[in-house]
> 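Okay, here's the structure, questions in a sec.
Order of listing sets the numbers, starting from 1, for every ligand and every atom in it. Just so you know, residue 1 is the first one in the sequence shown, and it goes up from there.
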Amino acid sequence: MLLKTRDTSHATEQEVTPKELYLSRREIMAGLAQSAIVAGTASLTLPLMTDHAYAAKTFDRVGHNAAFDIKEKLTPLKDVTSYNNFYEFGTDKEDPSRLSAAFRPKPWKLVIDGECEKPASLELEDFIKPQKLEERIYRLRCVEAWSMVIPWIGFPLADVIKAAKPNSRAKYVAFTTLQNPEQMPGQKRPILDWPYREGLRLDEALHPLTLLAVGLYGELLPSQNGAPLRLVVPWKYGFKSIKSIVKITFTSSQPQTSWNMMAPEEYGFYSNVNPKVDHPRWSQAKERRIGELFKRETLMFNGYDQVASLYQGMNLKKDY
Ligand SMILES: Nc1nc2c(c(=O)[nH]1)N[C@H]1C(S)=C(S)[C@@H](COP(=O)(O)O)O[C@H]1N2
Ligand SMILES: [Mo]
């Protein structure tokens with residue numbers, strides 16, 4: 001992001017990776033997918049499952065939520081899983097898919113703490129179990145001026161926040177990624193001040209668009225995309241969508257964020273997609289959809305106009 005500029009154009013449409021390649025991931029992650037919304041309106045909590053074939057079926061039954069649909073061509077799965085930013089595995093786009101073999105997304109502990117009435121330290125499976133999973137097609141736009149359209153599987157962060165009962169001092173939500181250089185070789189170098197950190201204002205975190213994702217393309221999240229749990233905040237630049245989350249903390253003051261700590265002139269706390277506020281070193285007016293040749297106009301809030309009210313009265317040039 002900060003350190004590299006690479007040619008992001010992919011002129012040819014790639015074949016989707018065969019499903020079989022993802023079975024090993026299911027084995028690692030088996031048992032995560034225990035809860036689903038069946039297509040339609042009814043919801044159903046399925047029994048605890050350790051059989052990966054059953055886990056696959058469970059994900060197949062996750063209902064698609066059309067309320068937020070982006071009517072644009074999906075980015076091929078091959079690109080979604082081989083062209084990544086995940087500096088814990090290295091700074092090249094291919095590094096996360098190539099160098100994540102030692103990464104273990106299971107077992108996984110998640111801590112919820114800070115300014116709330118119901119802090120918790122949970123096994124991820126216990127955390128996922130009561131959630132109502134659904135599929136949502138979101139655009140994600142990187143600050144490097146490329147974007148993808150991805151069918152995510154997840155649940156609203158708001159559901160988790162409400163269950164944790166933030167107290168009156170809670171104004172922000174901070175997120176922390178796993179720190180484990182043995183599993184994440186990029187952490188052996190001081191590329192960023194590890195662990196990776198991000199944050200949202202509480203009302204941004206509560207917005208129905210803000211998603212905690214556990215899968216994509218009908219499958220459990222690949223390591224390179226932030227297994228086993230990552231944020232997707234589609235109206236903000238991609239770096240806000242923190243991967244492989246181990247901690248969610250309610251805070252009274254604005255939390256530190258990794259890219260803001262590294263280069264505050266370039267990466268602000270808000271980081272809303274805004275074609276009128278250029279990155280100091282490049283324009284944000286256009287973007288290249290991965291898999292396509294020609295650039296397209298970047299839309300304010302990445303096209304998610306429904307979030308505009310969150311920023312009423314703010315100067316988004318100052319609060320970039
Ligand atoms: N922990 C962590 N989360 C991260 C990053 C990272 O380096 N480390 N990169 C961010 C950036 S810059 C982008 S664009 C998105 C990319 O998500 P994707 O690889 O699933 O498309 O992840 C974000 N989340
Ligand atoms: Mo990014």
> For Thr177, take its heavy atoms, then give the atoms of ligand 1 lying under 4.0 Å from any of them.
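Here the atoms of ligand 1 in question are 1 (N).
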> Going by the closest heavy atom to atom 9 (N) of ligand 1, which one wins out of Thr81, Asn85, Val233, Leu216?
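Ranked by closest heavy atom to atom 9 (N) of ligand 1, first place is Asn85.
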> Could you pull out the closest heavy-atom pair between Arg289 and Ser147, with the gap in Å?
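Answer, listing the atom of Arg289 first, then Ser147: NE-OG, 2.9 Å.
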> Please could you name the atoms of ligand 1 that Asn84 approaches to less than 4.0 Å, counting only its heavy atoms?
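Going through ligand 1 atom by atom, the ones under 4.0 Å from Asn84 are 18 (P), 19 (O), 20 (O).
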> Hey, are Ser97 and Gln224 close enough side-chain-wise for a donor-acceptor pair under 3.5 Å?
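Side-chain D/A pair, Gln224 to Ser97: absent.
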> Can you tell me which portion of Glu144 lies within the under-4.0 Å heavy-atom range of ligand 1? Options are side chain, backbone, both, or neither.
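It is neither; nothing of Glu144 touches ligand 1.
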> Under 4.0 Å from a heavy atom of Cys142: give me the atoms of ligand 1 that qualify, with their elements.
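Result: 14 (S).
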> Does Lys132 qualify as a cation-pi partner of Phe155, given the criterion of NZ or CZ under 6.0 Å from the six-membered ring centre and within 45 degrees of its axis?
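Not flagged: Lys132 not positioned over aromatic ring of Phe155.
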> Among Lys93, Lys240, Arg230, Gln224, which residue places a heavy atom closest to atom 20 (O) of ligand 1?
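The nearest heavy atom belongs to Arg230.
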> Regarding Asp126 and Lys129, does a basic nitrogen lie under 4.0 Å from an acidic carboxylate oxygen?
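No, Asp126 and Lys129 are not salt-bridged.
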> Only heavy atoms of Asn225, strictly under 4.0 Å: list the atoms of ligand 1 that pass.
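With Asn225 as reference, the close atoms of ligand 1 come out as 18 (P), 20 (O).
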> I'd like to check whether Glu88 has a polar contact with ligand 1, where a contact means an N/O of the residue lying under 3.5 Å from an N/O of the ligand.
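N/O-N/O distance under 3.5 Å: yes.
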> When the ring planes of Phe86 and Phe89 are compared, do they come out parallel, tilted or perpendicular, using 30° and 60° as the limits?
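Rings of Phe86 and Phe89: perpendicular, as their planes differ by over 60°.
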> Is ligand 1 under 4.0 Å from a heavy atom in the side chain of Phe86, in the backbone, in both, or in neither?
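Looking at Phe86 and ligand 1, atoms from backbone and side chain both fall under 4.0 Å.
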> Aromatic rings Tyr172 and Phe269: how do their planes relate, parallel, tilted or perpendicular, breaks at 30° and 60°?
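If you compare the ring of Tyr172 with that of Phe269, the planes turn out perpendicular.
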> Cation over ring, Lys240 on Tyr270, under 6.0 Å and within 45°?
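Relative to the ring axis of Tyr270, which defines the angle, Lys240 lies outside at least one limit.
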> For the 3.5 Å polar cut-off, considering only N or O atoms, please tell me whether Ser241 and ligand 1 meet it.
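Checking ligand 1 against Ser241, an N or O pair does fall under 3.5 Å apart.
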